[in-house]
Amino acid sequence: MNKTLLAAALAAVGLAAQPALAELPVAIAGPMSGQYASAGDQIRKGAEMAIADINARGGVLGEKLVLEVGDDACDPKQAVSVANTMVNKEIVFMHGHWCSSSTIPASDVYYEADIPMATVSTNPQVTERGLENIFRIMGRDDQQGMVAGTYLADHFKGKKIAVVDDKSAYGKGLADEIAKAMTARGIEPALRESITAGEKDYSGLVTKLKRDGVEVMAYGGYHTEVALILRQAQQAGLDLTVMGGDTMTNSELVTAAGPAADKVLFTFSPDPRKNASAAPVVEKFRAAKIEPEGYVLYAYAAMQLFEQAATAAGSTDYDALQKAMREGSFDTVIGNLSFDAKGDQKAPGFVVYQWQGGQYDYAR
Amino acid sequence: MAYALQQLINGLTLGAMYGLIAIGYTMVYGIIGMINFAHGDIFMVSAFIAVTCFTLLAAADVSSIPLALMFVLVVSMFFTSAYGWAVERVAYRPLRGSTRLAPLISAIGMSIFLQNTVQLTQGARVKPIPPVIEGGIELWQTPDFTVQIGWSQLLIIVTTVVLMVAFTWMITHTAFGRQQRSCEQDRTMAALLGVNVDRTISLTFMLGAALAAVAGVMVTVYYGVVDFFIGFLAGIKAFTAAVLGGIGSLPGAMLGGLLIGLIESFWAAYLWAEYKDVATFGILCLVLMLRPSGLLGRPEVEKV
């Protein structure tokens, strides 16, 4: 009796599973925990929404997408082990990683395993190594540094500008480019320094800036350190303006730095929330009580890129997919995406933003 | 000159905090001869308790800063010493009398346990509080530099000095201090003379934790942000301070803390900031080569 019941139950499950769509695993990877976990959170929210939308439209090539999430905590070693796990899960597309220092080692693993990836990491080395599976949907640090350096040289003439970095692949790369762009405009950095990320006490640096009469600090690194430096500058009676990179989009900066965050300028791609084509998606995020700030829409766009490329290629095989991504032009929430031979976005463009009362907007 | 003075103030503030944590290491080493690697994480726990208290106080609309500070200090010291007590009871007491390495391993385990518990229950994100104490005094104004000491810096230095005086007095003049010192010298003999050794050790752990809690509250007030990982670096630096000053010696721990704070800030001020940790540990190596028992440590005499 029991056996028949069991058999019947199994048959029912089998029947129910039959008409359901096959599943296609795609993945995101980034700092879901650790110091930069809030960026990972943005990526996850964007990707989850995109996949729900794509599946509601019937999936990709008749198959339903399922999301795998990898946590690399911005640690290069952990990034490689995440990459290996993802390869074992036979994912067909990866959006990640987030930290350049994670993306670079992890990309070798994906390259070996024939998995195409779309990343927002901005270090030039990400696409400079000739790996044809990488597509960058964000600008590069050298472009970012150019924009930031030129802006500083033009808007802060006659003021002393220091260039500081946190010794990370991303931070040092960005700071070097900013210094280069400033020098090209005839302005020498008043001070060039490096700090150790993850510490709490930056009063030594702040005092040094104060002694040298520095009013503007260009910083290559992450928002957590900027918040501490700003707080300590304020305590030391130093009125400091900071110019940072795309990592400053994180609203954690505002909670940690308080009103001093209004002194933070940063470069980031033109705000995708302002795109007319993104309006319905932005509405949807806000209805779900998610502010589509920072990397949320980028993660959404990465999934759209996969959807459109796979549809164009008619397959999720690596060669076809990779070729479709390289040759195609894709209409996403962050605007039109197309890639050059290296895998860099053709028209990235950076603009300068400023935090203002907890919101960021284009700097005047 | 003004610049050097400002860096001196920065260094003293940093050193005072290292010193407060270092005392916990040195006292425990003095009494049971082990390095309590979980001490840095006890400090981290206290900073989280402080953040929770400050948030609660802000929600309750308490606007008097001295009152709020007193409250946070008392609550944080209380709960943190409970943690110190529990750690000793759970992780070290059952191992007393076993090999020297056993409690060391259990301390490392405790450290990982505390870190991960806080990460899981509080989240990995940085926890900020709005500035509690703002402003300061301008000490000296030169044409191109103003030396300034923040109220929070002043608070840290003064609190540390007061605590140090009280603490030294307690160790040298009270019954508990005598018991503590007797356990340090010879636990068996102390027990034979009627000293409750277990209780004394527990109290030592609680006192160390309470001082770490003071440091935790100060860090929260001064830097305004805490995360689950702050115990690691602070613990390593404070341990270094204890070794530099001579592990087992209370004034040594304080001196070591101040020295490390000063080395860090002056190295960062005049040389390359990126190498300041190298400098700190380089100086530690030098001191240990010339004086293996630390600056104020007494060399251990093997009694036959």
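Being a predicted model, the structure only gives us computed values, none of them experimental. Lettering follows sequence order; numbering is per chain, from 1.
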Original post:
Can you pull out the residues in residues 67-81 of chain A with any heavy atom less than 4.5 Å from chain B?
Top reply: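 Listed by number: none.
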Original post:
Among A:Thr196, A:Val206, A:Thr255, A:Ile195, who wins on heavy-atom pairs under 4.5 Å with chain B?
Top reply: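 Most heavy-atom pairs under 4.5 Å with chain B: A:Thr255.
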Subject >> Residue, of A:Lys167, A:Met32, A:Lys210, that accumulates the most heavy atom pairs under 4.5 Å with chain B >> reply: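 When all of A:Lys167, A:Met32, A:Lys210 are compared, A:Lys210 has the most.
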Given a strict heavy-atom distance threshold of 4.5 Å, which part of [X] is in contact with chain A: side chain, backbone, both, or neither?
| X | result |
| --- | --- |
| B:Thr13 | neither |
| B:Ile149 | neither |
| B:Gln153 | neither |

For [X], is the [atom1] atom crowded, meaning more than 12 foreign heavy atoms sit under 6.0 Å from it?
| X | atom1 | answer |
| --- | --- | --- |
| A:Phe285 | CZ | yes |
| B:Phe232 | CZ | no |
| A:Glu291 | CD | yes |
| B:Phe37 | CZ | yes |
| A:Phe156 | CZ | yes |
| B:Tyr275 | OH | no |

With respect to chain A, which residue among [options] yields the maximal number of heavy-atom pairs within a distance under 4.5 Å?
| options | answer |
| --- | --- |
| B:Pro128, B:Ser152, B:Gly11 | B:Pro128 |
| B:Gly150, B:Ser265, B:Gly224 | B:Gly224 |
| B:Leu233, B:Asp227, B:Leu14, B:Asp277 | B:Leu14 |
| B:Ile9, B:Val226, B:Ile129 | B:Ile129 |

Original post:
Under the 3.5 angstrom rule, does the side chain of A:Lys208 hit a backbone N or O of B:Ala268 as a donor-acceptor pair?
Top reply: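 Yes; judged by distance alone, with no hydrogens or angles, the pair exists.
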Subject >> Electrostatic pair A:Asp201:B:Lys276 at N-O distance under 4.0 angstrom >> reply: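 Looking at A:Asp201 and B:Lys276, the cut-off is not met.
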**OP:** Would you mind checking which part of A:Ser38 comes under 4.5 Å of any heavy atom in chain B, side chain (CB onward), backbone (N, CA, C, O), both or neither?
**Re:**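 It is both, since atoms from each part get that close.
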Original post:
Rounded to the nearest 0.5 Å, what separation is found between the NZ atom of A:Lys200 and the OG1 atom of B:Thr220?
Top reply: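 Nearest 0.5 Å value for the NZ-OG1 distance: 10.5 Å.
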Subject >> B:Gln6 side chain near A:Arg211 side chain, heavy-atom distance below 4.5 Å >> reply: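 No; the side chains remain at least 4.5 Å from each other.
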Subject >> Side chains of B:Tyr222 and A:Gln232 in contact at under 4.5 Å (non-hydrogen atoms) >> reply: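 No. Closest side-chain heavy atoms not under 4.5 Å.
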Original post:
Going by atom types alone, do B:Asn10 and A:Thr207 pair a side-chain donor with an acceptor below 3.5 Å?
Top reply: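 Note: B:Asn10 and A:Thr207 side chains meet the donor-acceptor criterion.
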